[in-house]
K.L.:
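Got a structure for you, written out below as structure tokens; questions coming shortly.
Remember, it's 1-based here, ligands and their atoms both numbered in the order they're listed. The analysis underlying the following values was restricted to heavy atoms, covering all of them including side chains, and did not include hydrogens, waters or symmetry mates.
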Amino acid sequence: MAANTQTKYSVLLPTYNERENLPIITWLLTKTFAENNIDYEIIIIDDNSPDGTLEVAKQLQAVYGEDHIVLRPRSGKLGLGTAYIYGIENATGNFIIIMDADMSHHPKAIPEFIKKQKEGNYDIVTGSRYINGGGVYGWDLRRKLTSRGANFIADFLLRPGVSDLTGSFRLYKKHVLQQIIKATVSKGYVFQMEMMIRARQFGFSVAEVPITFVDRVYGESKLGVGEIIGYLKGLWMLFTSV
Ligand SMILES: Nc1nc2c(ncn2[C@@H]2O[C@H](COP(=O)(O)OP(=O)(O)O[C@H]3O[C@H](CO)[C@@H](O)[C@H](O)[C@@H]3O)[C@@H](O)[C@H]2O)c(=O)[nH]1
């Protein structure tokens with residue numbers, strides 16, 4: 001990929017108890033960007049993780065440099081949605097990549113996202129597990145049904161025109177993301193879904209790239225009953241208001 005000095009990608013990595021995963025994802029990201037000659041920064045938004053993720057992040061910053069690793073810690077666990085908002089406020093790139101820090105989202109997909117974005121000058125490129133070539137690896141039946149069910153209900157009620165509404169591995173033009181965020185009211189996991197609905201409302205173009213979501217090896221998902229209830233409430237709010 002040719003170097004383009006005007007284009008910079010800011011990766012938002014929200015972390016909560018990711019001390020084992022963070023060095024691996026950071027290494028893979030830096031390697032991917034360097035090999036593809038892409039200008040980037042990785043913004044780590046840690047919510048005072050009890051496992052000491054921030055200490056690991058500081059060590060990584062010392063290794064890779066402050067230009068490439070930006071630390072934006074917060075005082076407590078304030079949720080995924082607000083972590084993204086905080087990350088965007090601090091991003092200096094003109095494109096934003098949102099992804100999980102737990103290796104569920106492989107950085108090797110990023111050059112494919114960028115290629116796709118350039119092909120159609122899309123506003124958003126979203127990774128999809130539910131189109132040809134995509135998939136999920138390592139989930140038990142309960143988690144598979146939760147994800148499929150969440151997408152099925154959202155698709156039925158909201159007709160989003162995107163096959164994987166709850167996924168979070170996405171590339172946005174920064175000004176597009178800022179506009180969507182302003183209109184988005186959800187704060188938890190439902191945030192991802194609402195973002196796509198708002199994108200459709202504004203008429204932004206969205207392209208999909210197949211991804212394989214690999215369940216984390218280290219640590220635990222933070223998706224609990226409370227998040228699922230929050231998702232259903234958010235879905236209902238959108239159904240009745242959009
Ligand atoms: N800063 C911060 N980070 C958080 C918080 N909660 C979770 N994270 C971070 O957000 C990422 C995803 O969290 P997980 O808890 O591992 O997510 P998941 O259950 O595997 O859910 C993933 O898949 C869902 C779709 O199936 C997605 O909806 C969801 O956004 C996420 O990508 C990880 O990097 C995790 O450390 C929080 O309150 N604060």
K.L.:
Salt bridge or not between Lys115 and Glu112? Use side-chain N to carboxylate O under 4.0 Å.
P.N.:
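Between Glu112 and Lys115 there is no salt bridge, as every charged N stays at least 4.0 Å from the carboxylate O atoms.
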K.L.:
Just checking, is any N or O donor in the side chain of Thr166 or Arg129 under 3.5 Å from an acceptor N or O on the other one?
P.N.:
yes
K.L.:
Please report whether ligand 1 has a polar contact with Gln192, defined as an N or O pair separated by less than 3.5 Å (distance criterion only).
P.N.:
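So ligand 1 has no N or O lying under 3.5 Å from an N or O of Gln192.
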K.L.:
Does any N or O in the side chain of Asn36 come within less than 3.5 Å of the main-chain N or O of Thr32, such that one atom is a donor and the other an acceptor?
P.N.:
yes
K.L.:
Would you please determine whether Arg129 falls within less than 4.0 Å of ligand 1 on a heavy-atom basis?
P.N.:
yes
K.L.:
Of the side chain and backbone of Arg170, name the one, both, or neither that has a heavy atom under 4.0 Å from an atom of ligand 1.
P.N.:
neither
K.L.:
Going by the atom numbers of ligand 1, which of them fall below 4.0 Å from some non-hydrogen atom of Glu18?
P.N.:
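That gives atoms 33 (C), 34 (O), 35 (C), 36 (O) of ligand 1.
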K.L.:
Relative to the heavy atoms of Arg216, which atoms of ligand 1 are at a distance of less than 4.0 Å?
P.N.:
14 (P), 16 (O)
K.L.:
Output, in order, the C-alpha distance, side-chain angles, deciding distance and verdict of ring pair (Phe, Tyr, Trp, His ring centres under 6.0 Å) for Phe204 and Tyr122.
P.N.:
CA-CA 8 Å; Phe204 290 131; Tyr122 292 107; over 10 Å; no
K.L.:
Which of these, His105, Arg148, Lys144, Arg143, has its nearest heavy atom closest to atom 23 (O) of ligand 1?
P.N.:
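Looking at heavy atoms only, the winner is Arg143.
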K.L.:
Under 3.5 Å between some N or O of ligand 1 and some N or O of Ala101?
P.N.:
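Yes, Ala101 has an N/O under 3.5 Å of an N/O on ligand 1.
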K.L.:
What atoms of ligand 1 come closer than 4.0 angstrom to any heavy atom of Phe213?
P.N.:
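The list of qualifying atoms is 20 (O), 23 (O).
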K.L.:
Without swapping roles, check the side chain of Lys173 against the backbone of Asn121 for a donor-acceptor pair under 3.5 Å.
P.N.:
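Judged by distance alone, yes, a pair lies under 3.5 Å.
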K.L.:
Is the gap between the ring centers of Phe213 and Trp139 under 6.0 Å?
P.N.:
yes
K.L.:
Honestly curious: do Met99 and Leu28 fall in one hydrophobic cluster under the side-chain, below-4.5 Å linking rule?
P.N.:
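Result: yes, single cluster for both.
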K.L.:
Suppose we call two aromatic rings close when their centres sit under 6.0 Å apart. Are Phe191 and Tyr84 close by that rule?
P.N.:
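Ring-ring flag for Phe191/Tyr84: true, centres closer than 6.0 Å.
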K.L.:
Considering Ile25, Asp100, Val190, Leu165, which one's heavy-atom position lies nearest to atom 22 (C) of ligand 1?
P.N.:
Asp100
K.L.:
Would you call Ser104 a ligand 1 contact, heavy-atom distance under 4.0 Å?
P.N.:
no
K.L.:
Any atoms of ligand 1 less than 4.0 Å from a non-hydrogen atom of Trp139? List them with their elements.
P.N.:
26 (O)
K.L.:
Using ring centroids (six-membered ring only for Trp), state whether Tyr40 and Tyr9 fall under 6.0 Å.
P.N.:
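No, the ring centres sit 6.0 Å or more apart.
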K.L.:
Check whether any N or O atom of Ile45, backbone or side chain, sits under 3.5 Å from an N or O atom of ligand 1, and answer yes or no.
P.N.:
yes
K.L.:
Name the option, out of Thr53, Leu80, Asp47, Ile98, that contains the heavy atom nearest to atom 2 (C) of ligand 1.
P.N.:
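Answer by nearest heavy atom: Asp47.
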K.L.:
Side chain or backbone, does Thr166 bring an N or O within less than 3.5 Å of an N or O on ligand 1?
P.N.:
yes
K.L.:
Is it the case that Ser163 and Glu208 place a side-chain donor and acceptor less than 3.5 Å from each other?
P.N.:
yes
K.L.:
Quick one: which ligand 1 atoms are inside 4.0 Å of a heavy atom on Asp102?
P.N.:
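Answer, ordered by atom number: 16 (O).
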K.L.:
If you look at every heavy atom in Leu238 and Arg198, which pair is closest and at what distance?
P.N.:
CD2-NH2, 3.5 Å
K.L.:
Polar contacts were defined as any N/O atom of the residue lying under 3.5 Å from an N/O atom of the ligand; does this apply to Leu78 and ligand 1?
P.N.:
no
K.L.:
Is there a polar contact between ligand 1 and Tyr84, counting only N or O atoms under 3.5 Å apart?
P.N.:
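N/O-N/O distance under 3.5 Å: no.
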